[in-house]
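In what follows, every chain begins at residue 1, and chains take the letters A, B, ... in the order their sequences are listed. What you see below is based on every heavy atom in this structure, not just the backbone, and it leaves out hydrogens, waters and symmetry mates.
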Amino acid sequence: MKDDSKSLFGELFETPRRKVVPVLVPMPAPTAYSYAVPDGLTVEPGAIVQVPLGPRQVIGVVWDGGEDTSVDPKKLREITKVFDCPPLDKDMRTFLDWVAAYTLSPPGYVARMALRAPAAFDPEPMIEGLRYAGYEPERLTPARQKVLEMAADGLSWTKSGLAHASGVSTSVIDGLVKQGVFEQVFLPPPPLVAAPDPDYAENRLAGPQKEAAEEILDSLRKGGFTVSLIDGVTGSGKTEVYFEAIAETLKQGKQVLILLPEIALTANFLERFQDRFGSKPGEWHSDLATRTREKVWRQVATGEIRVVAGARSALFLPFENLGLIIVDEEHDPAFKQEDRVFYNARDMAVVRARIANFPVVLVSATPSVESQVNCIAGRYTRIHLPTRFADAAMPDLHLIDMRRAPPERGGFLSPILLRSVGKAVERGEQALLFLNRRGYAPLTLCRVCGHRFQCPQCSSWLVEHRFRGQIQCHQCGYHEPTPNSCPECGTLDHLVACGPGVERIAEEVEKHFPDARTLVLSSDIGGVKRLRLELEAIANGEADIVIGTQLVAKGHNFPLMTLVGIIDADIGLSNGDPRAAERTFQLLSQVTGRAGRTGRKSLGLLQTFQPQHPVMQAIVSGDAAAFYEREITERERAQLPPYGRLVSIIVSADTRAEAEGHARGLRQAAPHESGIMILGPAEAPLALIRGRHRFRLLVHGRRNSDMQAFVRSMLERGPKERRSIQVQVDVDPQSFL
DNA sequence: GACTTTCACTAA
DNA sequence: TAGTGAAAGTCC
């Protein structure tokens, strides 16, 4: 509107009103920052831009909302660049805002998780190509003849591709280009993966698998948001069932995301996918090469990649048209990020689906208690697969009461277990011994003065690793060469290893079975490549006795394995974690499920000091339902909030006294809350240990709002206190359903 | 006194 | 988060 009374002076000197937009920048500010839009540029919400921030240029996203008038116009700086890249759509922006609010994280951090591909925002450069221009060369040599025949169809070729296909060297082609026989064209970069074909392989589902698939397909065809939990023992055909859901979604022209806990170990999964769909899905995980990561990001955004299999961070990819998320192994703690933005990808997947209105499928042989509760409450639909596919029998499970059948002095293997291992080896079958403890011994002490080796950084025990000749801290990664004298009293050669680790079990096994081929599988020995080779070797029968930690629990098939021995089934039952029983139940179920896929008779033996413990009873009886029911009531009795409404906040502190101070503050700020636990160094997430916070406070609350109020009030205090607080909002399905 | 490490603060 | 400057700690 024109103001006629405005003076000439005013017209000349009043700064013209610039357009101002909010931009989320990658730093912990509570709101978006305002930036001026340079003349001639247009930006819309979701656009990815480069902006000046202090002394540097950063990448940000134009956000929703009007101009923030509280910012001094003199402070405004201009957007430097708008990237030629699909903007984040409205659903994605709503999702990122939701995650930021729910996890009490700065929105800029959350947005940054969606922009983890530095150079992906400019289009991929075109590839130089050649096309037959229709002219004859001056001299037609045999080599030139071959090239012309190959290119006669008028399609575009890359120089090296054409040379290779015609069996000539590239210089022949250079000659032809010089004469103008070929013209230069620019080709779009090739897709990373071929499009999956939903009809590539016919599904051969039958019985309960077929019914389960039909149920999910029904909800897919109806459209809209639903959460299904596919729950069935190892080998019951869960993957085949959700592959049908993927096929249906692809037929609808939408993209699919498959979240997996640890993508690095899933070559096996990618192959199965390829067998069903004719091509591999796009992969997304932290150790992708930068270049590949950028390509995947961009091709997901443009819709070229139809299916992504990825780790938790894949949830923040900017899909063009996402229509289904599968969360495989939904109970797995690897879905939880405990660093910067604390989130559980399984729950945030449900939120993303809710916002964009499409289905989610959670999958697990041993579902989390939260998901069980959500099924009982009717929020999730349970799809149960009761039997093993193709008649593979479950192993026969027994407990070994270690008080009645103790190992010989200095050993850890019960005579009962040793006998069974011997028999399996004699029959030419494989045995798996599982102990969830890396290294040789979890504790080293001096026999003379009683000194215990402790980590100087975080005060947990240092674990001896004999293969490497080191003692290591499993919390923060500190390590030093194994000493041979006590640092306290100086006595030489009187250090003694206490308790077993897999390396020590291997020693014991080799003593009893010197002729058997023994192999130790542990995450600290060799990289992913070596592990893959070893798993293959085991599958080919190149080992008789395998001794392994956690990682043997993850979906690898050992077809020759007919005996599984659990060395210390009680590990983890008493570590202060409110989920200890649940975790142990899940881990032991997964490990014992490794045996018995051959159709042969197989056996599982669990060494325990607590044979009456509900976890042990549930494992041997196979009655998972009873275990969950009991676990839910147990937690309620322990004054933990009803599950499915767990909220936890971590306040970390350097000393126990400091932690107790925070606990007092919390009780005042949120009197409705129930359980507050102070956990020692071993229970704190790695990220906190790295920041040298040695204790953490785990709060289980009933009301998200109270917890949020408390955390906000703490964050408003000084920087020192702010740094001692990390917030982890765990599970609260009521907020997103 | 030169150099390194730690800490608090700021960015539109 | 990443860059900065001031303050505190370390070394010869």
Side-chain angles (χ1 to χ4, degrees), chain A residues 15-39 41-83 93 96-97 99-100 103-121 286 290 293 313 316 337-343 456-458 476 478 652-655 658 685-694 711 714-728:
Chain A
T15 36
R17 259 183 77 75
R18 293 179 294 179
K19 191 171 158 45
V20 174
V21 291
V23 175
L24 280 186
V25 286
M27 55 157 244
T31 56
Y33 274 8
S34 300
Y35 281 89
V37 182
D39 288 338
L41 263 188
T42 46
V43 291
E44 48 178 330
I48 297 168
V49 294
Q50 190 181 58
V51 290
L53 180 68
R56 62 212 162 107
Q57 293 283 327
V58 296
I59 286 169
V61 201
V62 178
W63 217 238
D64 303 88
E67 185 181 332
D68 179 358
T69 46
S70 67
V71 181
D72 179 359
K74 281 185 241 121
K75 276 171 82 179
L76 287 178
R77 297 169 78 181
E78 285 191 341
I79 290 173
T80 323
K81 179 176 178 182
V82 181
F83 289 98
R93 301 196 304 273
L96 297 178
D97 272 337
V99 173
T103 61
L104 297 167
S105 310
Y109 275 15
V110 181
R112 207 176 62 118
M113 297 197 294
L115 304 175
R116 281 280 168 87
F121 313 126
S286 56
T290 319
R293 153 182 302 261
S313 57
F316 293 91
Q337 171 146 59
E338 301 198 316
D339 186 18
R340 296 182 187 96
V341 179
F342 284 61
Y343 69 94
Q457 290 175 28
C458 65
C476 67
Y478 171 88
S652 61
D654 286 325
T655 62
E658 199 184 316
L686 226 59
L688 301 190
I689 295 284
R690 286 211 193 93
R692 288 217 249 126
H693 298 290
R694 302 176 183 190
V711 170
M714 292 297 266
L715 294 183
E716 279 158 17
R717 299 190 201 176
K720 198 164 180 184
E721 269 168 293
R722 189 181 313 143
R723 218 179 288 174
S724 76
I725 294 183
Q726 299 260 0
V727 181
Q728 172 191 24

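Residue contacts shown for A/Arg77 are limited to sugar-phosphate atoms, with no base heavy atom under 4.0 Å away.
Counting only residues at least two apart or in different chains, salt bridge (charged side-chain N to carboxylate O under 4.0 Å, His left out) contacts with residues 108-120 of chain A are absent. Screening residues 54-63 of chain A for side-chain hydrogen bond (donor to acceptor under 3.5 Å, both in side chains), with sequence neighbours left out, gives A/Gln57-A/Thr80, A/Trp63-A/Asp97.
With sequence neighbours excluded, the residues forming a salt bridge (Lys or Arg N to Asp or Glu O under 4.0 Å) with A/Asp64 are A/Lys90, A/Arg93, listed by chain and number. Not counting sequence neighbours, A/Lys19 has no partner by the salt bridge (Lys or Arg N to Asp or Glu O under 4.0 Å) test. Not a single ring pair (Phe, Tyr, Trp, His ring centres under 6.0 Å) links A/Tyr33 to another residue, sequence neighbours left out. Partners of A/Asp39 under the side chain to side chain contact (heavy atoms under 4.5 Å, CB included) rule, at least two apart in sequence or in another chain, do not exist in this structure. Taking A/Ser34 as the reference, nothing meets the side chain to side chain donor-acceptor pair (under 3.5 Å) condition, with sequence neighbours excluded. Taking the salt bridge (Lys or Arg N to Asp or Glu O under 4.0 Å) definition, one finds that A/Arg293 meets it with nothing, sequence neighbours left out. By the side chain to side chain donor-acceptor pair (under 3.5 Å) test, A/Thr69 is found to be paired with no residue, residues two or more places apart in sequence or in another chain being considered.
Using a 4.0 Å cut-off on heavy atoms, the residues of residues 46-55 of chain A that approach DNA chain C are A/Pro55, listed by number. Against DNA chain B, the stretch residues 61-69 of chain A makes no heavy-atom approach under 4.0 Å.
One can place NZ of A/Lys74 at 14 Å from C1' of B/dA12, the figure rounded to the nearest angstrom. Atoms CG (A/Asp72) and C1' (B/dA12) sit 10 Å apart, rounded to a whole Å. A/Tyr109 has its OH atom 13 Å from the C1' atom of B/dA11, to the nearest Å.
A/Pro107 has its side chain out of reach of A/Thr31: every pair of non-hydrogen atoms, C-beta onward, lies at least 4.5 Å apart.
Protein chain A contacts DNA chain C over a range whose 5' and 3' limits, counting nucleotides with an atom under 4.0 angstrom from a non-hydrogen atom, are C/dT1 to C/dG3.
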